[in-house]
Amino acid sequence: MSVHKDIKRVTTHVLQEMKRNNEKISMLTAYDYSIAKIVDEAGIDVVLVGDSASNVMAGHETTLPITLDQMIYHASSVIRAINRSLVVVDLPFGNYQGDSREALRSAIRIMKEAEAHSVKLEGGKEVIESIERILSAGIPVMGHLGLTPQSIYMFGTYTVRAREEEEANVLIEDALLLQEAGCFALILEKVPAKLASTVAKKLEIPVIGIGAGGGVDGQVLVLHDMLGITQEFSPRFLRRYHNLHKEILKACSNFKKDVKSQDFPNEKEQY
Ligand code: KIV
């Protein structure tokens, strides 16, 4: 990590300080250099190179097909743009479950080849050995509980998780386990707001929510969703800050019109 004397970089410790000071954490996804540069400039605390790139960038139906090489490509593009934000990179499906040595090898590749700052993986008790092994190499790990999209075929739907008491209790146990193992933060996706707030109060590490209400320590959204580039995905928790789909469509149509009518390029737009 290069040292920028005039910029206070966000580290895992800064995030924990923010929780102690009751300052909410902002987190957005980015998958490429140009967008990551804007997100960093906006002062977003954490940039997530999410495996949602599988949907948003590559057009897959789920997050399962994206590979470790592809995640490293996205992550290295993002890292080159970042001056301040903490960068978290998702470990893709199939590169950490069931084999903690493979998990460590995957995390090391992300840290070494993309020069990332930390990794994220989905799950609780069932992946704790992988988490511990990654942490033993000095690699910071963010946990992810609730709706875990890499397990979509086991659950069958993207509906709200842990509504029932039994599942909620398992989630609380898992959250405590992840903290005890040494995770620096936790994502809670699509769980009841009351449960998420209970977890955030129980944990000392920051809990960052997506569809988990306002009682947590920070919020994360997929950038393409909040900018309105993706139109087909419209869950209740999503606040759209723009309708870029409409804007881009208009710009492309105007370009086409100008080319066809020979309005573009004009005298000033040529050599
Ligand atoms: O991959 C991703 O974008 C994520 C967020 C939804 C938290 O994991």
Side-chain angles (χ1 to χ4, degrees), residues 15 24-32 35-36 39 44-68 70-75 77-78 85-97 106-107 110 114 116-124 127 131 141-152 155 157-162 171 175 178 183-191 196 199-200 205-213 216-227 229-230 232-240:
L15 296 185
K24 300 286 182 186
I25 296 164
S26 58
M27 178 167 171
L28 285 171
T29 57
Y31 317 108
D32 68 89
I35 294 287
V39 174
I44 297 299
D45 301 306
V46 186
V47 173
L48 172 64
V49 184
D51 59 357
S52 50
S54 179
N55 313 99
V56 175
M57 292 279 105
H60 292 295
E61 206 174 304
T62 72
T63 57
L64 276 70
I66 200 159
T67 66
L68 184 57
Q70 288 165 341
M71 287 304 297
I72 289 170
Y73 168 75
H74 287 298
S77 308
V78 166
S85 312
L86 179 82
V87 177
V88 182
V89 181
D90 264 335
L91 279 173
F93 174 71
N95 286 91
Y96 64 92
Q97 295 96 338
S106 310
I110 287 175
H117 307 152
S118 61
V119 298
K120 171 165 88 60
L121 50 87
E122 297 179 5
V127 291
I131 290 175
V141 178
M142 177 181 270
H144 184 154
L145 296 172
L147 173 63
T148 47
Q150 292 182 9
S151 310
I152 183 60
F155 292 107
T157 70
Y158 287 103
T159 53
V160 179
R161 298 291 191 264
L171 188 145
L178 294 179
C183 286
F184 70 89
L186 173 67
I187 295 281
L188 277 187
E189 182 166 353
K190 230 172 168 185
V191 298
V199 174
I205 59 171
V207 175
I208 301 173
I210 173 162
V216 288
D217 308 305
Q219 299 293 329
V220 56
L221 285 177
V222 170
L223 187 89
H224 289 64
D225 297 336
M226 64 83 97
L227 289 180
I229 297 175
T230 46
E232 59 280 5
F233 183 68
S234 209
R236 187 205 298 199
F237 68 76
L238 176 62
R239 183 178 293 182
R240 289 201 197 279

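By convention here, the first residue in the shown sequence is residue 1. Counting convention: from 1, in listed order, for ligands and their atoms alike.
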N/O donor-acceptor pair under 3.5 Å between [X] side chain and [Y] backbone:
X      : Y      : value
Thr148 : Gly123 : no
Gln219 : Gly213 : yes
Ser26  : Asp45  : yes

Give the atoms of ligand 1, by number and element, whose distance to some non-hydrogen atom of [X] is under 4.0 Å.
X      : value
Asp90  : 1 (O), 2 (C), 8 (O)
His144 : 8 (O)
Thr29  : 3 (O)
Ile210 : 6 (C)
Val222 : 3 (O)

Next item on the list: For Glu122 and ligand 1, answer yes if some heavy atom of the residue is under 4.0 Å from a ligand atom, otherwise no.
Entry: no
Margin query: Less than 4.0 Å is my threshold; does some heavy atom of Lys120 fall inside it relative to ligand 1?
Written below: yes
Check: What is the nearest protein non-hydrogen atom to atom 2 (C) of ligand 1, stated with its residue, atom name and distance?
Finding: Ser52 OG, 3.3 Å
Margin query: Tell me the protein heavy atom at minimum distance from atom 7 (C) of ligand 1, and give that distance in Å.
Written below: Leu48 CD2, 3.8 Å
Notebook entry, point to check: For Ile72, which residues count as a side chain to side chain contact (heavy atoms under 4.5 Å, CB included) partner, sequence neighbours excluded?
Noted result: Leu68, Arg109, Ile110, Glu113, Ala114
Item checked: Within-cut-off N or O pair, Asp51 and ligand 1, under 3.5 Å -> yes
Next item on the list: Examine the proximity of ligand 1 to Thr63 and report which part, side chain or backbone, both or neither, has a heavy atom under 4.0 Å away.
Entry: neither
Note to self: I need the minimum non-hydrogen distance between Leu221 and Leu238, along with the two atoms involved.
What the structure shows: CD2-CD1, 4.1 Å
Notebook entry, point to check: Out of curiosity, Ile66 CD1 to His74 NE2, how far, rounded to the nearest 0.5 Å?
Noted result: 4.5 Å
Check: Do the side-chain N and O atoms of Thr230 and Asp225 include a donor-acceptor pair separated by under 3.5 angstrom?
Finding: yes
Item checked: Tyr158, OH: over 12 other non-hydrogen atoms inside 6.0 angstrom -> yes
